[in-house]
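All figures in this text were calculated on a predicted structure; none of them were measured in a lab. When reading the values below, keep in mind they use all heavy atoms of this one structure, side chains included, and skip hydrogens, waters and symmetry mates. Heads up: numbering here begins at 1 and tracks the sequence.
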Amino acid sequence: MLFTSYSFIAFMAAVFLLYYALPKKCQWPLLLVASYVFYFIAGPSYLIFIAITTVSAYLVTIKLDALEETQKAYIKANKAAMTREERKAYKAGITAKKWKWLLLALFINLGILAVLKYTNFAITNINNILASAGSAKQFTLRNLVLPMGISFYTFQTLGYVIDVYRGTSRAEKNPFKLALFVSFFPQLVQGPISRFNDLSASLFENHKFDPKVFSYGLYRILWGYFKKVVIADRILVAVNAIIHDTTTYQGAFVLVGYLFYALELYADFTGGIDITIGIAQAMGIKVTENFIRPYFSKNIKEYWTRWHITMSTWFKDYIFYPISVCKPMLKLSKFSRAKLGEVIGKRVPVYLSAFVVWFATGIWHGASWNFIVWGLMNFAVIMVSQELEPLYRRFHNRFNVKDKQWWHIFQIVRTILLMSAIRSFDCYRDVPLTFRMFGNLFTHFRIRELTAQAFIGMGLSGKEYILLIACTVLLFVVSAFQEKKGSVRDAIYAAPAATKYIVFAVLLLVVVVFGAYGIGYDSTQFIYNQF
């Protein structure tokens, strides 16, 4: 059941109606039922895996919480009789037990994800190695189905388990509430990856109908559909033409493909997140923002604080920091400083931790080498940029352009182009081909080939290009307004009363009339649904 299908719109309308019609105490149970119905429609067998994730997280966190309470009670009862060393030893013993339970949760959930998502990737690489070694032995690929959103709900659930282990979150005693946190249907398709303390604050509360809150949610939903079906699904036609016909579309068209894909991915992903947040907001539920106008970033480091924020912070909090401060890494840091000097030595653990994070980020996106190389390219550019910071400072001290508007525009354009080039690994999905097309961009660049007829040959008409330009300008204007002045919806509601109805009606008309629905009026799936 796609977000962009008529069946989902009907499903969503029914959920809204029942949510406010039923007694308030039935609101979160209704969402649990709706979430499991949604997932059942996506694939009945998927329920097995999400149920295992939920049950394992529930049992492990209850045990972790019990161990924490046991520790507190024991120390409180025996505090006077225990020495400092005895208390320390007792706490270490409890921590060791908690660590074993955490490892069990990680093993179960990451094991499921690894088997379903990476088995065929591993088999393919083993077969390639065997073939390169001259062996005729080949292993058969497995017919495994990847459940919808498994990467998202697995990471969200493990984040909750780790938080309970760390003591920053209490275990949810109600297994059905935890099941709702894991399966909340708007987030299943493509996130965000919520934290339990953030989402549970409003997910399990009773909410009365508030016309303003509900309409704010509808505006956000409609804006998401505008991005998805009017912009992303339309320009997808041209993107597919460029990346699937690399013989025809070379040189300057590679750059066009980069920029078109940047627009498509942004409109597709943020459109889906807008729909998710809008659905939740219409029911009074607060979901974490996942994008803060990333194409206004002045460098890649800033870009990753604005793009897919919940994923970036997840990897930072649950992989980077634990690795960078673990005992083996601290020993490596000490060894590196002693052997390589303070300047180089202190960088080794940081860069090694960052390497692991970006490798994991890449392979999380997909079980293929193009995603791994994509992640490592981000790592390389960010690390090089950090090393060049002293040079940047000298440049700015010499030429004093840091606060110039034209320099800010240059930085934004540079970041968009650089991220588009890195993202081409996602676009072409083949590492050698991606490098070849990147080189082709410079060796066969002929601006005169970018004729109107060539653009029409990509599958879009002149009128559709005009529509895309107009919608992209609108997207930019709205984003610029948000960057400078804040919420557009607040501005609409601050205007005369009729304005909010007119804007909503116009936006709805644009979506209905100009949406690219494809054959049978069936829009394409969201890009991040594959993850």
Side-chain angles (χ1 to χ4, degrees), residues 121 124-125 128-129 131-132 235-266 268-269 294-295 297-301 303-304 307 351 354-355 358-359 361-363 365-388 391-392 409-460 465 527 530:
F121 177 62
T124 300
N125 282 282
N128 290 338
I129 293 172
S132 299
I235 202 169
L236 173 63
V237 175
V239 171
N240 283 338
I242 293 174
I243 65 176
H244 292 146
D245 187 357
T246 55
T247 301
T248 302
Y249 298 106
Q250 301 185 34
F253 287 105
V254 176
L255 177 60
V256 172
Y258 285 178
L259 298 178
F260 277 14
Y261 184 66
L263 176 60
E264 182 215 339
L265 181 62
Y266 175 79
D268 187 284
F269 197 6
Y295 287 163
S297 303
K298 298 179 180 64
N299 54 62
I300 292 186
K301 186 177 180 180
Y303 173 89
W304 281 109
W307 178 281
Y351 286 2
F355 177 89
W358 281 108
F359 180 89
T361 303
I363 203 167
H365 276 80
S368 59
W369 282 106
N370 64 290
F371 287 114
I372 294 173
V373 175
W374 166 85
L376 296 182
M377 289 297 293
N378 276 280
F379 162 77
V381 172
I382 292 173
M383 294 301 103
V384 169
S385 297
Q386 287 187 192
E387 289 301 318
L388 293 178
L391 183 62
Y392 296 155
I409 295 173
F410 165 77
Q411 289 178 303
I412 291 171
V413 173
R414 178 191 62 189
T415 302
I416 291 174
L417 291 175
L418 189 54
M419 283 307 305
S420 296
I422 294 174
R423 201 183 288 118
S424 62
F425 289 98
D426 176 23
C427 190
Y428 286 106
R429 300 293 176 99
D430 179 88
V431 176
L433 176 61
T434 302
F435 280 116
R436 189 162 64 249
M437 296 311 294
F438 180 76
N440 187 274
L441 168 62
F442 299 97
T443 59
H444 293 77
F445 191 92
R446 299 179 183 86
I447 193 69
R448 64 178 180 274
E449 292 181 349
L450 300 179
T451 63
Q453 191 60 38
F455 277 94
I456 298 298
M458 296 178 195
L460 297 177
Y465 280 113
I527 293 174
Q530 65 188 295

Taking the side chain as everything from C-beta on, heavy atoms only, tell me whether [X] gets closer than 4.5 Å to [Y].
| X | Y | answer |
| --- | --- | --- |
| I300 | I422 | yes |
| H365 | I372 | no |
| S424 | Y261 | no |
| M419 | W304 | yes |
| T246 | M437 | yes |

Heavy-atom closest pair, residues [X] and [Y]:
| X | Y | value |
| --- | --- | --- |
| R446 | A252 | O-CB, 3.9 Å |
| F438 | A421 | CE1-CB, 4.1 Å |
| S385 | Y392 | O-CE1, 3.6 Å |
| G366 | F371 | CA-CD1, 3.4 Å |
| W358 | G375 | CB-O, 3.4 Å |
| Y249 | A241 | CD1-O, 3.3 Å |

When you measure from the side chain of [X] to the backbone N and O of [Y], does any donor-acceptor pair fall under 3.5 Å?
| X | Y | value |
| --- | --- | --- |
| N128 | T124 | yes |
| R414 | K298 | yes |
| N440 | G251 | yes |

Describe, in one word, how the ring planes of [X] and [Y] are oriented to each other, choosing from parallel (under 30°), tilted (30 to 60°) and perpendicular (over 60°).
| X | Y | value |
| --- | --- | --- |
| Y295 | Y266 | tilted |
| F425 | F435 | perpendicular |
| Y303 | W307 | parallel |
| F359 | F355 | parallel |

Worksheet item: After noting the C-alpha distance and the side-chain angles of V254 and Y428, does the key distance pass the side chain to side chain contact (heavy atoms under 4.5 Å, CB included) rule?
Response: CA-CA 11 Å; V254 176; Y428 286 106; 4.0 Å; yes

Supply the atom-to-atom distance [X] [atom1] to [Y] [atom2], rounded to the nearest 0.5 angstrom.
| X | Y | atom1 | atom2 | result |
| --- | --- | --- | --- | --- |
| T361 | F379 | OG1 | CZ | 11.5 Å |
| I235 | L460 | CD1 | CG | 7.5 Å |
| T434 | W369 | OG1 | CH2 | 14.5 Å |
| R423 | I416 | CZ | CD1 | 9.5 Å |
| F253 | M458 | CZ | CE | 4.5 Å |
| I382 | N299 | CD1 | CG | 9.0 Å |

Discussion item. Among residues at least two apart in sequence or on other chains, which ones pass side-chain contact (heavy atoms from CB on, under 4.5 Å) with T451?
Written reply: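 Counting only residues at least two positions away or on another chain, T451 forms a side-chain contact (heavy atoms from CB on, under 4.5 Å) with Q453, A454.
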
Discussion item. Out of the candidates L236, V239, I243, L265, only one should pair with F260 under the side-chain contact (heavy atoms from CB on, under 4.5 Å) rule; please name it.
Written reply: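 The residue from L236, V239, I243, L265 that satisfies side-chain contact (heavy atoms from CB on, under 4.5 Å) with F260 turns out to be V239.
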
Practice prompt. Apply the test side chain to side chain contact (heavy atoms under 4.5 Å, CB included) to residues L263 and L259: give CA-CA distance (whole Å), side-chain angles for both, the deciding distance (0.1 Å), then the verdict.
Written response: CA-CA 6 Å; L263 176 60; L259 298 178; over 6 Å; no

